[in-house]
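Since the structure comes first, as structure tokens, the remarks are kept for the end.
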Amino acid sequence: MTIEATDARRMGPLIPALAVPAAAWKERAASDAAIGGHAMRVESLSAWYGNHLAVHDITLDIKPRAVTAIIGPSGCGKSTLVRCLNRMHEVTPGAPRVSGRVLLDRHDIYAPGVDPVQVRRHVGMVFQKPNPFPSMSIYDNVVAGLKLTKAPSKAVLDETVERCLRQAALWDEVKDKLKQSGVSLSGGQQQRLCIARALAMAPRVLLMDEPCSALDPIATYKIEALITELKREYTIAIVTHNMQQASRVSDFTAFLLAADDRIGRLVEYGETAELFTAPKDERTEAYITGRFG
Amino acid sequence: MSSDTYAPPLAPAYPPGGRSIFEADARYQVRRGVARLMAVLVGLAALGAVAVLWIILGYVIWRGLPAINWPFFTQRPLPYGEPGGGVGPAIAGSLVLLGVASTIGVPIGLGAGIYLSEFGRGRFADAVRFCGDLVAGLPSIVVGVFIWALLVRHVIGHFSGLAGAAALAIIMVPIIVRTVEAMLRLVPHTLREAALALGVPQWRVVLSVVLPSARAGIITGVVLALARAGGETAPLLLTTLGNMFFNWNLSQPTAALPIQIYNYAVAPYDDWHTKAWGASLVLIAVIGILSVLTRLATRGKKLA
């Protein structure tokens with residue numbers, strides 16, 4: 001019996017199964033094509049810090065309403081890659097630069113004249129360390145993005161707070177203390193609050209940069225369950241250094257690796273079930289079997 | 001003890017009757033002694049630093065309290081020989097001067113601090129930072145002479161409250177710039193990233209996320225600047241001159257507490273010396289009350 005199955009039984013019928021089997025995925029992909037959903041496509045993307053090339057020539061698809069995991073050892077550029085997908089790379093200190101294209105529903109987010117502020121409203125992000133705004137209440141944290149970009153009515157705000165906190169599986173835990181500070185919550189709750197905050201902007205794509213690396217196993221489990229739940233509606237890309245997590249939550253996996261030149265390159269990309277059971281590249285196999293990294 | 005608790009047999013002491021492995025050697029004992037001595041010395045230094053404040057405060061209260069009565073706050077200063085008289089115009093003048101100086105200095109200082117922390121990159125920011133430090137180190141009498149040459153001699157043409165307020169503003173700005181920049185830099189970068197990732201424009205991130213997070217520190221900076229400007233005497237002597245009467249016209253010479261203290265203190269009369277101590281006590285109280293009021297007025301308020 002796998003560890004996940006044991007956990008799932010102990011914690012009750014929270015979620016059915018974390019990873020969707022390949023056959024089920026193909027079935028769902030067919031229905032997705034009918035329903036639509038937002039997709040991203042990364043084309044020949046390279047990113048620099050000053051003169052240092054951090055990731056080189058990445059091309060991959062982020063499929064609609066599925067979870068794409070980006071895995072690889074430390075320093076392989078997986079965070080850099082994901083931060084290029086909502087133009088957050090360019091606010092990183094250290095003379096950041098990007099080349100290549102990133103298409104969101106066939107619109108290039110790096111096209112001339114595109115305002116990164118507008119891109120980020122469509123591509124939400126959850127960070128490694130939970131970062132709720134300490135000067136705001138739980139309520140205000142959820143609608144911070146709405147309040148600071150538009151002027152919605154009280155009714156819209158109330159509705160958004162409840163809907164997003166429910167989506168983030170946090171509503172029952174905080175519904176009686178919405179006026180309390182966001183930083184009064186536990187680490188796992190804070191991270192779900194940050195997810196709710198990202199969802200409130202109704203993003204087309206949700207990026208997660210190692211969302212569980214600062215959390216304990218139970219909080220991690222809840223976030224993973226939440227990711228599985230969210231992919232019914234959202235397109236998700238998740239960076240993780242935890243291969244078990246990638247195999248549990250993702251439908252597709254991209255494996256990045258930096259050789260001795262410290263330049264991150266895409267080694268293999270494919271359906272998670274295949275990549276983890278029958279990797280095509282021997283470096284992938286070495287990594288997922290724990291022989292390095 | 002319940003039977004299911006693990007209880008190992010107690011080990012015999014080791015070595016039996018020999019030297020303990022924890023015994024301190026001679027060199028360590030010396031070092032430990034020096035460490036304790038140093039701890040006592042830094043403690044005394046801390047005590048001394050605080051004691052200065054209480055000695056000054058206590059002495060000012062002891063010498064100044066006899067001068068304090070209600071007319072002292074409300075009446076204007078009288079010529080020597082006439083009993084009574086007070087520092088009413090000086091209190092009013094100081095408050096007006098600080099108010100006008102803050103109106104000029106706080107927006108400039110706050111703006112420059114925000115620029116340096118949030119937008120400033122490269123040579124221009126470095127130059128601004130360097131010049132700010134130079135202005136902070138400028139002797140206040142030099143600021144006074146400069147304002148005298150610029151405003152008193154030329155633009156306005158005579159001594160005035162406005163010139164004094166301008167001099168005080170020049171003294172306040174670098175203090176505010178420094179504290180605001182330092183406090184904003186303490187706000188974690190992850191908070192800015194969180195807001196930017198929501199699609200919030202940078203100016204809104206600064207206004208609604210960064211500034212509120214640093215509010216307490218920014219207010220401390222403003223209060224520090226107020227306290228510093230409130231006690232300045234040298235630039236006021238050359239700009240506002242002082243006034244024996246109530247004056248609300250900023251284009252005229254205006255009374256101020258530091259000038260009043262100076263005038264009372266340099267006079268050869270015991271009664272005026274007591275009044276100088278009394279005015280010093282009032283100045284300390286005014287600064288203290290301003291600090292508390294600033295904190296109360298900005299407590300729990302959002303900047304946007």
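Numbered from 1 within each chain, the chains take letters A, B, ... in sequence-line order. Just the heavy atoms: all of them, side chains too, but no hydrogens, waters or symmetry mates, feed the values below.
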**Item:** Atom group of V119(A) that falls short of 4.5 Å from chain B, counting heavy atoms
**Value:** neither
**Prompt:** Given a strict heavy-atom distance threshold of 4.5 Å, which part of P116(A) is in contact with chain B: side chain, backbone, both, or neither?
**Reply:** neither
**Top contributor to chain B interface from M125(A), Q128(A), H122(A), M88(A) [non-hydrogen pairs under 4.5 Å]** = M88(A)
**Message:** For a 4.5 angstrom cut-off between non-hydrogen side-chain atoms, does L191(B) reach P134(A)?
**Reply:** yes
**Prompt:** Is the gap between the ring centers of H38(A) and Y234(A) under 6.0 Å?
**Reply:** no
**Request:** Report yes or no: is the cationic atom of R83(A) (NZ for Lys, CZ for Arg) closer than 6.0 Å to the six-membered ring centre of F127(A), at no more than 45° off its axis?
**Result:** no
**Prompt:** Tell me, side chain or backbone of N131(A) under 4.5 Å from chain B's heavy atoms, or both, or neither?
**Reply:** both
**Prompt:** Would you call K78(A)-D209(A) a salt bridge at under 4.0 Å N-O?
**Reply:** no
